[in-house]
Amino acid sequence: MAEVNWGGMNIKWSSLNTQDKKTYGGGLVLVTLASALSGFILGGIWGERLTGQTDEMAWIYSYLYPMAILGFLAGGKLIADFMKRQDEGFIDFNIKANLYGINFFWITGFLVAWPLEVFMGFDFVFFEYFLLYSIGLSIGGRKAYKAMYVIDINDET
């Protein structure tokens, strides 16, 4: 079973068996490659819209879209298979951390980013909102770790 370390920020690699290392590592690699392809696609498209210049590599986007989608689907499948073999505590930890990240994304996005866009003219795009989700996920991982795994000896009666 997977162990969480670094205060809820990392999965201890040595705690995984060979099958878990293959599925989790393969899933992370595929999702990372798909994210890089998506960033390349969105960077080209958004860069074209923001600068007004045409992109000479626009022809390649129609080939990269299916590759990115397949990478996300295959990586998600491998990570889902990894999660099926984990214990309830680890799954509960991940659910709590992800829910905190999603809530941070929505709350901060609507209460902070949206008024900045409307009233001050800042242009938030996908990357800024994803950064908000990542910050929320990190905070949620830390809070869930402290709530689930850290035992304070001063609180014992």
Side-chain angles (χ1 to χ4, degrees), residues 1-47 55 57-114 123-156:
M1 294 296 127
E3 290 181 34
V4 179
N5 62 0
W6 291 1
M9 299 293 146
N10 191 29
I11 294 176
K12 189 174 182 182
W13 192 256
S14 62
S15 69
L16 302 177
N17 62 26
T18 306
Q19 180 64 27
D20 286 344
K21 286 180 183 179
K22 287 179 183 177
T23 55
Y24 185 66
L28 288 180
V29 167
L30 286 173
V31 168
T32 302
L33 291 174
S35 298
L37 285 175
S38 298
F40 179 73
I41 293 166
L42 291 173
I45 293 171
W46 289 112
D55 190 359
M57 295 193 59
W59 61 271
I60 200 168
Y61 297 149
S62 60
Y63 298 106
L64 294 180
Y65 278 121
M67 290 174 57
I69 291 170
L70 289 175
F72 280 122
L73 290 175
K77 171 81 169 92
L78 287 174
I79 291 174
D81 290 345
F82 166 75
M83 292 299 284
K84 286 178 186 175
R85 289 190 299 277
Q86 301 308 310
D87 62 341
E88 290 179 22
F90 184 76
I91 292 171
D92 189 41
F93 167 79
N94 279 294
I95 290 171
K96 287 179 181 178
N98 277 300
L99 286 176
Y100 203 94
I102 292 167
N103 288 334
F104 192 84
F105 165 80
W106 285 113
I107 292 168
T108 309
F110 283 127
L111 296 179
V112 176
W114 183 74
D123 187 24
F124 282 83
V125 293
F126 172 78
F127 298 109
E128 284 86 4
Y129 287 113
F130 184 75
L131 178 64
L132 292 174
Y133 169 75
S134 299
I135 292 169
L137 183 65
S138 299
I139 294 170
R142 181 72 178 143
K143 288 181 78 100
Y145 180 81
K146 287 177 79 173
M148 295 176 71
Y149 296 110
V150 176
I151 299 170
D152 188 5
I153 60 170
N154 296 324
D155 287 342
E156 294 181 5

Query - K22 atom NZ, over 12 foreign heavy atoms within 6.0 Å - result: no

Query raised in the report: Rounded to the nearest 0.5 Å, how far does CD1 of I135 lie from OH of Y100?
Result: 12.0 Å

Query raised in the report: What residues form a side-chain contact (heavy atoms from CB on, under 4.5 Å) with T32, not counting sequence neighbours?
Result: none

Query - A68: side-chain contact (heavy atoms from CB on, under 4.5 Å) partners, not counting sequence neighbours - result: L37, S38

Query raised in the report: Which value, rounded to the nearest 0.5 Å, describes the distance between L28 atom CG and T23 atom OG1?
Result: 9.5 Å

Report task. Provide the closest heavy-atom pair for A34 versus F72 in the form atom of the first, atom of the second, distance. Result -> CB-N, 3.6 Å

With a 3.5 Å cut-off and sequence neighbours excluded, list the donor-acceptor pairs that the side chains of residues 73-83 form with protein atoms.
residue, atom, partner, partner atom, Å
K77, NZ, D81, OD1, 3.0
K77, NZ, D81, OD2, 3.1

